[in-house]
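Quick one: structure below, then a few questions.
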Amino acid sequence: LSECQNSPQALALRERSAARRAAKVKELRVKRQLTTGKFHRKRGLTSLEYWSTQNHNMSSSGYTLNTPEATIFGSNNTCELVPETTIGPYYVTGEYVRSNITEGQAGFPMLIEMQSVDMNTCAFVSDLLADIWNCNSTGFYSGIETSEGEGGLNSTFLRGIQAADEEGAVSFDTLFPGNYDSRVAHLHLV
C-alpha cells in the first residue's frame with residue numbers, strides 16, 4: 001500500500017469514498033433524527049492501549065456538525081487480509097443478498113461500510129461478494145440451533161451478502177452486536 005497510496009488514482013478514490021460516506025452519514029442523521037449534537041472523537045489504531053484504560057465518553061473532544069467532512073472521513077485507517085485462522089462460529093450458507101439485515105431485531109442501528117482495495121495497485125476490487133453476520137443485541141445468532149434457544153435454523157436475522165459496487169464498496173444496515181462468552185463485540189466477514 002505504501003507504494004501507491006499517494007498516487008493520483010488512490011487519492012481520487014479516497015476523495016470519492018469520503019464524499020460517499022459523508023453523504024450516507026447526512027442521510028442517516030436525518031433518518032434517525034440526529035441533526036443536532038456533537039460527533040464522538042475518532043480513535044486511531046495506535047492509541048488502542050491508551051484508550052482502553054480511559055473513560056470512553058469523549059463527546060466533548062471537539063467534533064461538531066461544522067467539522068469538515070474531510071477531517072472525519074479522510075483518514076486512511078485500513079485493515080489487511082491475513083491468513084485465515086477460523087471462519088468464526090455459526091457460519092451458515094444460503095444467506096440472502098441484501099443490504100438491510102436487521103429483520104426487525106431490537107438494538108442500536110449500525111451501518112457497516114467496507115471497501116476492498118488491491119494492496120499492490122491501490123485500485124478498487126469490484127468483483128467480490130462480502131458475507132457478514134453478527135449476533136443480536138442479546139448475543140444470539142440466527143440460522144443455528146443450540147441449547148441456549150438461539151434464533152433457530154429457519155431464521156436469517158443479521159446475516160447477508162452484498163456484491164461490491166464499481167468502487168469495491170459494500171454496506172450493510174445491521175445492529176451493534178451484543179456480547180457472549182466473554183468475547184468483545186464483533187462481526188464476522190467472509
Side-chain angles (χ1 to χ4, degrees), residues 1-52 54 56-83 95 97-102 108-134 158 160-177 185-190:
L1 284 174
S2 63
E3 298 291 322
C4 62
Q5 69 180 350
N6 292 317
S7 70
Q9 178 183 354
L11 294 174
L13 177 61
R14 192 175 308 145
E15 186 176 311
R16 290 190 308 272
S17 297
R20 181 185 63 250
R21 292 175 186 134
K24 187 64 174 180
V25 166
K26 285 179 182 176
E27 174 190 327
L28 290 173
R29 287 181 66 77
V30 170
K31 179 181 176 183
R32 296 176 182 164
Q33 300 176 350
L34 300 171
T35 55
T36 61
K38 294 183 176 182
F39 294 106
H40 291 282
R41 183 168 187 256
K42 185 175 182 178
R43 298 173 189 101
L45 297 175
T46 58
S47 59
L48 175 62
E49 288 181 0
Y50 173 78
W51 286 111
S52 65
Q54 302 299 310
H56 295 329
N57 181 3
M58 300 301 293
S59 57
S60 63
S61 62
Y63 280 11
T64 70
L65 292 173
N66 298 319
T67 301
E69 293 168 351
T71 301
I72 298 169
F73 299 107
S75 70
N76 189 21
N77 287 343
T78 60
C79 66
E80 297 179 19
L81 291 178
V82 296
E95 281 101 313
V97 176
R98 59 189 179 166
S99 60
N100 186 331
I101 62 175
T102 59
F108 187 78
M110 180 172 66
L111 175 78
I112 298 291
E113 182 190 87
M114 297 165 270
Q115 189 170 32
S116 298
V117 178
D118 185 300
M119 289 178 47
N120 297 313
T121 66
C122 288
F124 51 82
V125 180
S126 59
D127 58 344
L128 61 81
L129 295 172
D131 183 348
I132 73 163
W133 69 99
N134 60 274
L158 303 175
I161 298 172
Q162 272 291 294
D165 68 13
E166 62 277 356
E167 294 203 334
V170 296
S171 65
F172 293 92
D173 289 304
T174 186
L175 301 174
F176 192 84
H186 63 279
L187 61 87
H188 305 267
L189 168 68
V190 177

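The chain is numbered in sequence order, starting from 1.
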Check: Of all residues at least two apart in sequence or in a different chain, which pass the side-chain hydrogen bond (donor to acceptor under 3.5 Å, both in side chains) check with D173?
Finding: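 With neighbours one apart ignored, the set is empty.
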Check: Of I101, N100, L111, which is the lone residue that meets side chain to side chain contact (heavy atoms under 4.5 Å, CB included) with T174?
Finding: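 Going through the options one by one, the only one that passes is I101.
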Notebook entry, point to check: So M110 and I112, side chain to side chain contact (heavy atoms under 4.5 Å, CB included) or not? Walk me through it.
Noted result: CA-CA 6 Å; M110 180 172 66; I112 298 291; 3.8 Å; yes
Notebook entry, point to check: Under 3.5 Å, side chain of E167 to main-chain N/O of S17, donor-acceptor pair present?
Noted result: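 Side chain of E167 to backbone of S17: no pair is present.
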Notebook entry, point to check: To the nearest 0.5 Å, what is the distance between CG (L158) and NE2 (H188)?
Noted result: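 Atom-to-atom, L158:CG and H188:NE2 are 11.0 Å apart.
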Margin query: Suppose we screen for side chain to side chain contact (heavy atoms under 4.5 Å, CB included). Which residues come up paired with T121, at least two apart in sequence or across chains?
Written below: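 Listed in chain order: D118, A123.
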Margin query: Using every non-hydrogen atom in the two residues, find where S99 and S171 come nearest and quote the distance to one decimal.
Written below: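 Heavy-atom minimum between the residues: CB-O, 3.5 Å.
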Notebook entry, point to check: Shortest non-hydrogen contact from A169 to R20?
Noted result: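 Heavy atoms only, the tightest pair is CB-NH2, 3.6 Å.
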Next item on the list: Flag yes if more than 12 heavy atoms outside E113 fall under 6.0 Å of its CD atom; otherwise flag no.
Entry: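 Correct, the count exceeds 12.
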Next item on the list: For N134 and F176, run side chain to side chain contact (heavy atoms under 4.5 Å, CB included): C-alpha distance rounded to whole Å, both residues' side-chain angles, the deciding distance at 0.1 Å, then the answer.
Entry: CA-CA 8 Å; N134 60 274; F176 192 84; over 6 Å; no
Checklist line | Over all atoms of both residues, closest heavy-atom pair of S116 and L128 | finding: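 Nearest heavy atoms, S116 then L128: OG-CD2, 3.3 Å.
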Notebook entry, point to check: Hey, what do you get for CG (L175) to OG1 (T102), rounding to the nearest 0.5 Å?
Noted result: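 Answer rounded to 0.5 Å: 6.0 Å.
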Checklist line | Value rounded to 0.5 Å, distance of CZ in R21 from NZ in K24 | finding: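 The distance works out to 13.5 Å.
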Checklist line | N/O donor-acceptor pair under 3.5 Å between Q162 side chain and R98 backbone | finding: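 Confirmed, Q162 side chain pairs with R98 backbone.
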